[in-house]
Engineer: 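Submitted below is the structure of interest, expressed as C-alpha cells.
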Amino acid sequence: MISIGYDVIGMVKKTPKMFFRYNGKDMSLTTIYNQNKKRRGRSRYLLSVLVDVVKDGKVIPAKVVYVRNRNKRKEYLCLISTDTTLDENEIIRIYGKRWDIEVFFKICKSYLNLSRECNSLSYDAMTAHTAVVFTRYMMLSLESRESNDNRSLGELFLYFSDEMSDITWIQAFQMLLQMFRTMLSDNTELSEEKINDLVDTFMNTLPALLKSQLQAA
C-alpha cells in the first residue's frame with residue numbers, strides 16, 4: 001500500500017520472529033514493550049513508540065500503539081500505523097471502525113454461510129445470495145440492538161437520533177448570517193434598510209449554486 005501512496009493501520013502479532021528497528025536495534029514488540037515505561041490510569045493505550053519497518057532494504061517509519069486487551073486485562077494488543085503524524089487515539093478510533101468490518105465479514109462467512117451455501121456460477125444468483133446473507137445479518141443486528149441497547153426502546157431511540165443529528169451546512173450558514181445581522185444592528189447605527197442592502201450585496205457575490213441553495217432554504 002505504501003508503494004501506491006496509501007498509509008496502513010493494522011494489528012501486529014507479538015511474535016518473537018518479527019523484528020522492528022527501535023533505537024538502532026532490531027527488537028520484537030514484546031522486547032520494546034518491556035524496555036519502556038507504561039502509561040498509568042485509564043488511558044486508552046499503554047505505550048506508543050516510533051519504529052522503523054525494514055523490508056527489502058527499504059526503511060518505513062511507523063508508530064506502534066500498545067492498547068489494553070478488553071477481553072484479557074493482563075494482555076495487550078499492538079496497532080501499527082505508517083502515518084506517524086496521527087494521534088494515538090485517532091489510530092485506535094480508525095482501527096476500531098475497521099475491526100467492525102472484519103467482524104461483519106467473519107460472521108457472514110462463518111455463521112451465515114456466505115461462502116458455502118451458494119454454488120451457482122450465475123452472477124445474478126451470487127448477487128441474490130449475497131443480498132440474502134446481508135439481510136440476515138441486518139436482522140440479527142436489529143434484534144441485538146433492540147435487546148441490548150436502551151436507546152432502542154420505542155420512540156426513545158428516535159429521540160436520541162434526532163438529538164445527535166448534525167445540522168446541515170446550509171442551516172449553519174444561515175445561523176451565521178443571522179448572527180452577523182444581529183451584530184450589525186446592535187453595535188452600529190446602520191438602519192435596517194442599510195443592513196439589508198449589505199446582506200443582499202454579500203449574497204450576490206456568492207457562487208450561483210450556493211446562492212440558489214440558500215434562497216431555496
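Side chains included, hydrogens not; waters and symmetry mates left out as well; all remaining heavy atoms used. All values reported here derive from a predicted model rather than from experimental measurement. One is the number of the first residue; the rest follow in order along the sequence.
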Engineer: Could you check if a side-chain atom of Ile195 sits within less than 4.5 angstrom of a side-chain atom of Ser185, using non-hydrogen atoms only?
Structural biologist: yes
Engineer: Between Leu79 and Val103, is there a shared hydrophobic cluster once you connect ILVMFWY residues whose side-chain heavy atoms come closer than 4.5 Å?
Structural biologist: yes
Engineer: For Lys106, check side chain to side chain donor-acceptor pair (under 3.5 Å) against everything at least two apart and list the hits.
Structural biologist: Ser110
Engineer: Output, in order, the C-alpha distance, side-chain angles, deciding distance and verdict of side-chain contact (heavy atoms from CB on, under 4.5 Å) for Ile80 and Phe20.
Structural biologist: CA-CA 11 Å; Ile80 189 169; Phe20 297 86; 3.8 Å; yes
Engineer: Return the CG to CE distance between Leu112 and Met139, rounded to the nearest 0.5 Å.
Structural biologist: 11.0 Å
Engineer: Determine, step by step, whether Leu47 and Val64 satisfy the side-chain contact (heavy atoms from CB on, under 4.5 Å) criterion, reporting the C-alpha distance in whole Å, the side-chain angles of both residues, the deciding distance to 0.1 Å, and the verdict.
Structural biologist: CA-CA 8 Å; Leu47 177 67; Val64 178; over 6 Å; no
Engineer: Can you give each donor-acceptor pair under 3.5 Å made by side-chain atoms of residues 127-135, sequence neighbours left out, with the distance rounded to 0.1 Å?
Structural biologist:
unit_1 : atom_1 : unit_2 : atom_2 : d
Thr127 : OG1    : Tyr123 : O      : 2.9
His129 : NE2    : Asn113 : O      : 3.3
His129 : NE2    : Leu114 : O      : 3.3
Thr130 : OG1    : Met126 : O      : 2.9
Thr135 : OG1    : Ala131 : O      : 2.7

Engineer: Answer with yes or no whether the hydrophobic clustering places Met18 together with Leu29; edges join I, L, V, M, F, W, Y residues whose side-chain heavy atoms lie under 4.5 Å apart.
Structural biologist: yes
Engineer: Kindly give the cluster partners of Val54, where membership spreads through any ILVMFWY side chain lying under 4.5 Å from a current member.
Structural biologist: Val59
Engineer: With salt bridge (charged side-chain N to carboxylate O under 4.0 Å, His left out) as the rule and sequence neighbours excluded, what pairs involving residues 182-194 come up?
Structural biologist: Arg181-Glu192
Engineer: Quick test of your reading of the model: are Glu117 and Arg136 salt-bridged, counting only N-O distances below 4.0 Å?
Structural biologist: yes
Engineer: Going by salt bridge (charged side-chain N to carboxylate O under 4.0 Å, His left out), name the residues that satisfy it together with Arg68, two or more places apart in sequence or in a different chain.
Structural biologist: none
Engineer: Which residue pairs pass the ring-ring contact (aromatic ring centres under 6.0 Å, His included) test when at least one of the two sits in residues 47-88, sequence neighbours left out?
Structural biologist: Tyr33-Tyr66, Tyr33-Tyr76, Tyr66-Tyr76
Engineer: Would a single hydrophobic cluster contain both Met11 and Phe19, if residues Ile, Leu, Val, Met, Phe, Trp and Tyr are joined by side-chain heavy-atom contacts under 4.5 Å?
Structural biologist: no
Engineer: Among residues at least two apart in sequence or on other chains, which ones pass side chain to side chain contact (heavy atoms under 4.5 Å, CB included) with Phe180?
Structural biologist: Met183, Leu184
Engineer: Could you measure the distance from the CD1 atom of Ile91 to the CG atom of Leu86? Nearest 0.5 Å is fine.
Structural biologist: 5.5 Å
Engineer: Please name all residues satisfying side chain to side chain donor-acceptor pair (under 3.5 Å) with Thr84, sequence neighbours left out, ordered by chain then number.
Structural biologist: none
Engineer: Donor-acceptor pair, Thr82 side chain versus Ala62 backbone, under 3.5 Å?
Structural biologist: no
Engineer: Between Cys118 and Ala125, what is the shortest heavy-atom contact and its length?
Structural biologist: SG-O, 4.3 Å
Engineer: Quick check for you: to the nearest 0.5 Å, what is the distance between Tyr95 atom OH and Leu77 atom CG?
Structural biologist: 8.0 Å
Engineer: For Val49 and Val65, what are the C-alpha separation, side-chain angles and deciding distance, and is it a side-chain contact (heavy atoms from CB on, under 4.5 Å)?
Structural biologist: CA-CA 7 Å; Val49 294; Val65 181; over 6 Å; no
Engineer: Determine, using the 4.5 Å side-chain heavy-atom cutoff (strictly less than), whether Met179 and Val199 are members of one ILVMFWY cluster.
Structural biologist: no
Engineer: Counting heavy atoms not belonging to Leu176, are there more than 12 under 6.0 Å from its CG?
Structural biologist: yes
Engineer: Which residue pairs satisfy the salt bridge (charged side-chain N to carboxylate O under 4.0 Å, His left out) criterion with at least one member in residues 18-28, sequence neighbours excluded?
Structural biologist: Arg21-Asp26
Engineer: Which residues satisfy the ring pair (Phe, Tyr, Trp, His ring centres under 6.0 Å) test with Tyr137, sequence neighbours excluded?
Structural biologist: Phe104
Engineer: Quick one: are Leu46 and Arg39 in side-chain contact, heavy atoms under 4.5 Å?
Structural biologist: no
Engineer: Work out which heavy atom in Ser115 is nearest to a heavy atom in Lys109; give both atom names and the distance.
Structural biologist: OG-O, 4.0 Å
Engineer: With Thr31, which residues qualify under side chain to side chain donor-acceptor pair (under 3.5 Å), at least two apart?
Structural biologist: Ser28
Engineer: Name all pairs fulfilling the salt bridge (charged side-chain N to carboxylate O under 4.0 Å, His left out) condition that reach into residues 81-95, sequence neighbours left out, sorted by first residue then second.
Structural biologist: Lys63-Glu88, Glu90-Arg93
Engineer: Looking only at atom types and distance, does a side-chain atom of Lys55 sit under 3.5 Å from a main-chain N or O of Val53, one as donor and one as acceptor?
Structural biologist: no
Engineer: Do Ile101 and Ile107 sit in the same hydrophobic cluster, where Ile, Leu, Val, Met, Phe, Trp and Tyr count as joined when their side-chain heavy atoms come under 4.5 Å apart?
Structural biologist: yes
Engineer: How far apart are the closest heavy atoms of Tyr45 and Val67, and which atoms are they?
Structural biologist: CB-CG1, 4.0 Å
